[in-house]
Amino acid sequence: MDARTTATPAPCIALLSEVVGMDSLADAFRQACPGIDLRIGAELGRLEDIDAAVCWFPPPGLLARLPNLKLVQSLAAGIDHLTADPALPRELPLCRVVDDTMAAGMTAYVCWAVVQRQRGMPAYLASAAASTWQEQPFVNPRRHRVGIAGLGSLGTACAAALAAIGYPVRGWSRSPKAALPEGVTGFHGSAQLDEFLSGCDTLVCLLPLTPQTRGFLNAELFAKLPRGAHLINVGRGDHLVEADLLPALDRGQLSAATLDAFSQEPLPAGHPFWGDPRILITPHIATRTDRLVIAQQTLANLAALQRGQRPANQVDLERGY
Ligand code: NDP
C-alpha cells in the first residue's frame, strides 16, 4: 500500500495571543510533533485549515471565524481570558491545562507567601540590610490558621503542603469534598462562607474568575476575617476590589497583602499599591505552565476528539470553570 495515501495529515494548530510572543511554544509543538502545521499570530493562512487554537488572549472574534476548528485550548489553568470574548464558539470543547508541575510551582509560591509574613521575614530583611541581629516574636504555625478559597487542582495541592509544614488549613469550595488532604478542614457554598472566613489568619484566593467570584475580595469580606489577616491573591486581579484594599489596611482589618494578579497588568506606574510596604507585589509569576506540557495536552486532546472521545480537562462553560 502507498504510505502517502494512508498517512494521517499533521494537525494544523494556531497559536494565538495578542499580548505574549509564541515562539517558545512553537518550538515545544515542533518537539512534540515534528512536521506539525503551525500558524502563529497574524500569519494564519487559510483559516479553514486550522484544527485547534491554543490561546492566551486571542484577538476578539477570531475564534468564531475558524470554520473547521475542533478544539479551543487555553495555554493556562484559567479560561477567563477566553470566555471574555462574546464571540467564543461555545459549542466547541474548551480545555485548560492541569499539570503537576504547575501545581508544584503554585504550592511553592503560596507556602513562601504565607511563611514570609507569618515568620516576619520583611523585618528580618530590614535587619539584615542594617547589619542588625534582631529576633522577632515567634508565632507557632499551629496557631496561624490558613484558609484557601478554591480547592481545585491548585488549591488542594497548596492546602496539603501548608498542612504538612504545620499550619491548620481550611478550604472553601462550591461543592462539598468527599476527601481532603490530612489536616485540612472543608467548607463549601455561600452558607458556610462566613464560618470559613472567621478562621483565616491568612486568606489565599485560588478561585477561578467567574461572574460569581468577580469582586469576591471586597470590604464586606475583609470585615469577616480575623483582625489583622494577611491576604494572598494568586487567582485573578478582578477577584479583588482594588479600591477596598488600602482602606482595609489603613484600618488594620488587614495587616498585609501579597498580590500576584491585578486588574490591569502590568500594574501601571503610579498605582497606589506600588511602594506600599504592606503590599508585596509579584508580576503574575506564581506558577508557569510548561510549554511542552501545553503542546502534549493539546495534541492529546485533539487526538481524543478525532477518536470521538472527550478531551481531558474540558471546561464546563455553564459552570464557568
Ligand atoms: P479548578 O477549576 O481546579 O478549581 C477551582 C476551585 O474553585 C474549585 O474548588 C471550585 O469548587 C472553586 N469554586 C469555583 N467557583 C466557586 C464559587 N462560586 N464558590 C466557591 N468555590 C468556587 O482551578 P485551579 O485550581 O486549576 O486554578 C484556580 C485558579 O488559579 C485559575 O482559575 C486561575 O485563575 C488561577 N491561576 C493563577 C496562576 C498564577 O500564576 N497566579 C497560575 C494558574 C492559575 P468545586 O471544587 O466545588 O468545583
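All residue numbers refer to positions in the sequence shown, counting from 1. For ligands, and for the atoms within them, numbers begin at 1 and follow the listed sequence. This structure is a prediction, so every number in the text was calculated from the model and none was measured.
At the shortest separation from atom 4 (O) of ligand 1 among protein heavy atoms lies G152 CA, 3.1 Å. Of the protein's non-hydrogen atoms, Y321 OH, 2.5 Å is the one closest to atom 48 (O) of ligand 1. Among protein heavy atoms, atom 27 (O) of ligand 1 sits closest to L154 CD1, 3.5 Å. Atom 40 (O) of ligand 1 has its closest protein heavy atom at T287 N, 3.3 Å. Looking from atom 38 (C) of ligand 1 to the surrounding protein, the closest heavy atom is M106 CE, 3.5 Å. Ranking the protein heavy atoms by distance from atom 33 (C) of ligand 1 puts R236 NH1, 3.5 Å first. Protein heavy atom at the shortest distance from atom 19 (N) of ligand 1 is W172 CH2, 3.3 Å.
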**Item:** side chain to side chain donor-acceptor pair (under 3.5 Å) evaluation trace for Q264 with H271
**Value:** CA-CA 10 Å; Q264 189 182 342; H271 192 287; over 6 Å; no

**Prompt:** Can Q134 and Y124 be said to form a side chain to side chain donor-acceptor pair (under 3.5 Å), step by step?
**Reply:** CA-CA 7 Å; Q134 175 75 52; Y124 288 120; over 6 Å; no

**Prompt:** Hey, mind stepping through Q116 and T258 against side chain to side chain donor-acceptor pair (under 3.5 Å) and telling me if it holds?
**Reply:** CA-CA 10 Å; Q116 56 91 15; T258 303; 3.2 Å; yes

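Heavy-atom distances between R288 and ligand 1 stay at or above 4.0 Å for every pair. Residue contacts with ligand 1 include L206, since one of its heavy atoms falls under 4.0 Å from the ligand. Under a 4.0 Å heavy-atom criterion, S153 is in contact with ligand 1. By the 4.0 Å heavy-atom criterion, H188 is excluded from the residues contacting ligand 1.
When P208, G150, G237, S173 are checked for heavy-atom proximity to atom 32 (O) of ligand 1, P208 turns out nearest. Within the set N233, L151, L207, the minimum heavy-atom distance to atom 22 (C) of ligand 1 is found for L207. For atom 46 (O) of ligand 1, the candidate residues are Q192, K177, M102, R174; the nearest heavy-atom contact is made by K177.
In the hydrophobic cluster analysis, where Ile, Leu, Val, Met, Phe, Trp and Tyr join through side-chain heavy atoms closer than 4.5 angstrom, L292 is grouped apart from F29. Cluster annotation: V97 and L25 are assigned to the same hydrophobic cluster (Ile/Leu/Val/Met/Phe/Trp/Tyr, side-chain heavy-atom contacts under 4.5 Å, transitive). Following chains of ILVMFWY side-chain contacts shorter than 4.5 Å, one can reach W172 starting from L254, so the two form part of one hydrophobic cluster. If you chain together hydrophobic residues whose side chains sit under 4.5 Å apart, F196 and L240 fall into the same group. The hydrophobic clustering, which links ILVMFWY residues whose side-chain heavy atoms are closer than 4.5 Å, places L62 and W56 apart.
For the pair V234 and ligand 1, the shortest N or O to N or O distance falls below 3.5 Å.
Centroid-to-centroid, the aromatic rings of F216 and H239 stay 6.0 Å apart or farther.
Atom numbering of ligand 1 starts at 1 in the shown order; those under 4.0 Å from a heavy atom of A286 are 39 (C), 40 (O), 41 (N). Near R96, meaning under 4.0 Å from one of its heavy atoms, ligand 1 places the atoms 1 (P), 2 (O), 3 (O), 23 (O), 24 (P), 26 (O). The atoms of ligand 1 that sit less than 4.0 Å from any heavy atom of S175 are 45 (P), 47 (O). Remark: ligand 1 atoms within the under-4.0 Å shell around heavy atoms of D260 are 39 (C), 40 (O), 41 (N). Atoms of ligand 1 lying under 4.0 Å from at least one heavy atom of H284, given by number and element, are 39 (C), 40 (O), 41 (N).
No salt bridge links R291 with D27; every basic N to acidic carboxylate O contact stays at or beyond 4.0 Å.
Donor-acceptor pairing under 3.5 Å is recorded for the side chains of R307 and Q309.
Between the R174 side chain and the G189 main chain, no donor and acceptor come within less than 3.5 Å of each other.
When each of Q118, R142, R145 is checked for a side chain to side chain donor-acceptor pair (under 3.5 Å) with Y167, only Q118 meets the rule.
Proximity of T213 to ligand 1, defined as any heavy-atom pair under 4.0 Å, is confined to the side chain (atoms from C-beta onward).
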